[in-house]
Asker: 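Sending over a structure as structure tokens; questions will come in a sec.
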Amino acid sequence: MSSVFGKPRAGGGPQSAPLEVNLAILGRRGAGKSALTVKFLTRRFISEYDPNLEDTYSSEETVDHQPIHLRVMDTADLDTPRNCERYLNWAHAFLVVYSVDSRQSFEGSSSYLELLALHAKETQRGYPALLLGNKLDMAQYRQVTQAEGAALAGRFGCLFFEVSACLDFEHVQRVFHEAVREARRELEKNSLARPLFISEERALHHQAPLTARHGLASCTFSTLSTASLKEMPTVAQAKLVTVKSSRAQSKRKAPTLTLLKGFKIF
Ligand SMILES: Nc1nc2c(ncn2[C@@H]2O[C@H](COP(=O)(O)OP(=O)(O)OP(=O)(O)O)[C@@H](O)[C@H]2O)c(=O)[nH]1
């Protein structure tokens with residue numbers, strides 16, 4: 001899979017602006033969303049997190065030689081998905097997390113995958129998701145087998161990994177980078193589909209600028225003289241996400257400031 005992006009490409013060099021990718025981490029309380037996010041961003045495992053915090057972090061990554069400006073939203077739904085638009089309309093890909101030692105969290109992850117599938121159907125867009133069975137270090141207390149995780153992922157056509165936020169950083173990093181690849185693939189698919197939107201029976205006003213802008217110089221639109229061409233809307237634009245007001249009372253206020261030094265919090 002990575003071979004598609006295995007080489008630096010035109011426009012992907014150090015001079016070009018990094019690709020912006022938004023990832024949302026979903027899952028029931030206690031599944032390990034914050035622990036995984038912090039592990040990925042800082043290489044450290046911290047055991048105490050305020051469950052009411054919902055933060056979005058940003059980090060500069062390099063994935064397959066391509067610079068990526070990555071934003072990670074560590075969501076904090078209560079027990080079920082709520083006010084989901086905030087991440088559904090924002091993220092390019094999703095990490096759906098459950099804990100291998102909790103059947104309840106596994107069932108919760110299934111609700112999130114259903115939500116994503118429904119959203120994809122409604123919007124007719126792809127929303128890449130990765131299913132993560134976290135707390136692999138607790139495998140002796142497993143309530144969910146690896147086969148069950150793989151079967152659920154298979155049902156929704158998503159990738160599946162078992163991980164642990166308190167074991168090696170490289171494994172967690174690989175999973176996040178895989179999510180970036182999935183998002184990038186989807187973004188590329190959308191940008192390929194983007195240039196032309198043909199609505200019939202309207203005059204063609206924008207032929208020349210469109211041709212130049214989208215690099216379609218070798219195409220001719222003469223057969224579309226009664227059509228109008230518009231740009232498709234761009235994929236969800238990143239927007240600033242409100243950090244929960246409970247931050248000031250956060251149990252992890254001090255560790256957060258230390259831990260996330262060097263990362264932008266917005
Ligand atoms: N043993 C073990 N514990 C973990 C792991 N990941 C998270 N935990 C612990 O599980 C508890 C819940 O982790 P969080 O990261 O807060 O889980 P969350 O999904 O963000 O939960 P909310 O913040 O309530 O939404 C914490 O006590 C973590 O220390 C893991 O990989 N292994």
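Counting from 1, the numbers follow the sequence of the chain as shown. Note that ligands are numbered from 1 as they come in the structure, with each ligand's atoms numbered from 1 the same way. Scope of the values below: all heavy atoms of this structure, side chains included, with no hydrogens, waters or symmetry mates.
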Asker: Quick one: which of L130, L88, L131 gives a side chain to side chain contact (heavy atoms under 4.5 Å, CB included) with F94?
Answerer: L88
Asker: If the cut-off is 4.0 Å to any non-hydrogen atom of D137, which atoms of ligand 1 fall inside it?
Answerer: 1 (N), 2 (C), 30 (C), 31 (O), 32 (N)
Asker: For ligand 1, which atoms, with element, lie under 4.0 Å from some heavy atom of R28?
Answerer: 19 (O)
Asker: So is S34 polar-close to ligand 1, meaning N/O to N/O under 3.5 Å?
Answerer: yes
Asker: Assign the ring pair Y112 / Y87 to parallel, tilted or perpendicular, where the plane angle (0 to 90°) is split at 30° and 60°.
Answerer: tilted
Asker: Side chain or backbone, does T75 bring an N or O within less than 3.5 Å of an N or O on ligand 1?
Answerer: no
Asker: Between Q104 and S102, does any side-chain donor sit less than 3.5 Å from a side-chain acceptor?
Answerer: no
Asker: For ligand 1, which atoms sit closer than 4.0 Å to a heavy atom of A165?
Answerer: 6 (N), 30 (C), 31 (O)
Asker: Contact between R103 and E148 at the side-chain level, heavy atoms closer than 4.5 Å - yes or no?
Answerer: yes
Asker: Apply the side chain to side chain contact (heavy atoms under 4.5 Å, CB included) test between K33 and each candidate in V96, V72, V97; give the one that qualifies.
Answerer: V97
Asker: In this structure, would V144 and F156 fall into the same cluster of hydrophobic residues linked by side-chain contacts under 4.5 Å?
Answerer: yes
Asker: Say whether E186 and H92, considering side chains only, have a donor N or O and an acceptor N or O under 3.5 Å apart.
Answerer: no
Asker: Decide whether an N or O pair under 3.5 Å exists between A31 and ligand 1.
Answerer: yes
Asker: Do H69 and E60 come within less than 4.5 Å of each other through their side chains, counting heavy atoms only?
Answerer: yes
Asker: Return yes when C166 approaches ligand 1 closer than 4.0 angstrom through a heavy atom, no otherwise.
Answerer: yes
Asker: Out of K135, R29, M138, whose heavy atom sits nearest atom 11 (C) of ligand 1?
Answerer: K135
Asker: Counting only heavy atoms, which portion of A35 has something under 4.0 Å from ligand 1: side chain, backbone, both, or neither?
Answerer: both
Asker: Using a 3.5 Å cut-off on N or O atoms only, is D77 in polar contact with ligand 1?
Answerer: no
Asker: Does any N/O atom on G30 come nearer than 3.5 Å to any N/O atom on ligand 1?
Answerer: yes
Asker: Just let me know how N134 lines up against ligand 1, side chain, backbone, both or neither, with a heavy-atom cut-off below 4.0 Å.
Answerer: side chain
